[in-house]
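The block underneath contains the structure these notes are about, expressed in structure tokens.
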Amino acid sequence: MKPMKSKVSITLDDDVVSKIKELSEEDDRSFSQYINLVLKQHIKSIKEREDA
């Protein structure tokens with residue numbers, strides 16, 4: 001079963017958008033897939049710090 005997805009609208013700085021586009025292309029992912037990946041990794045690292 002596919003995970004639930006929600007559409008959101010956010011405003012990002014131009015330099016952030018440019019770098020994420022570049023990184024997502026290097027990783028052969030879409031822009032939104034890459035943002036999802038980065039945010040999940042960030043949430044995981046926060047949780048690991050809280051559990052330490």
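We number each residue from 1, following the sequence as shown.
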Side-chain donor-acceptor contacts of residues 40-52 below 3.5 Å, not counting sequence neighbours, with atom names and distances?
from	atom 1	to	atom 2	distance (Å)
S45	OG	H42	O	2.8
K47	NZ	D51	OD2	3.1

### Query
I10 and V38: same hydrophobic cluster, using ILVMFWY side-chain contacts below 4.5 Å?
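Linked within one cluster.
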### Straight-line distance of L39 CG to S32 OG, nearest 0.5 Å
11.0 Å
Side-chain polar contacts of residues 15-27 - donor-acceptor pairs under 3.5 angstrom, sequence neighbours left out - could you list them?
from	atom 1	to	atom 2	distance (Å)
S18	OG	D14	O	3.1
K19	NZ	E22	OE2	3.1
S24	OG	I20	O	3.1
S24	OG	K21	O	2.9
D27	OD2	R29	NE	2.6

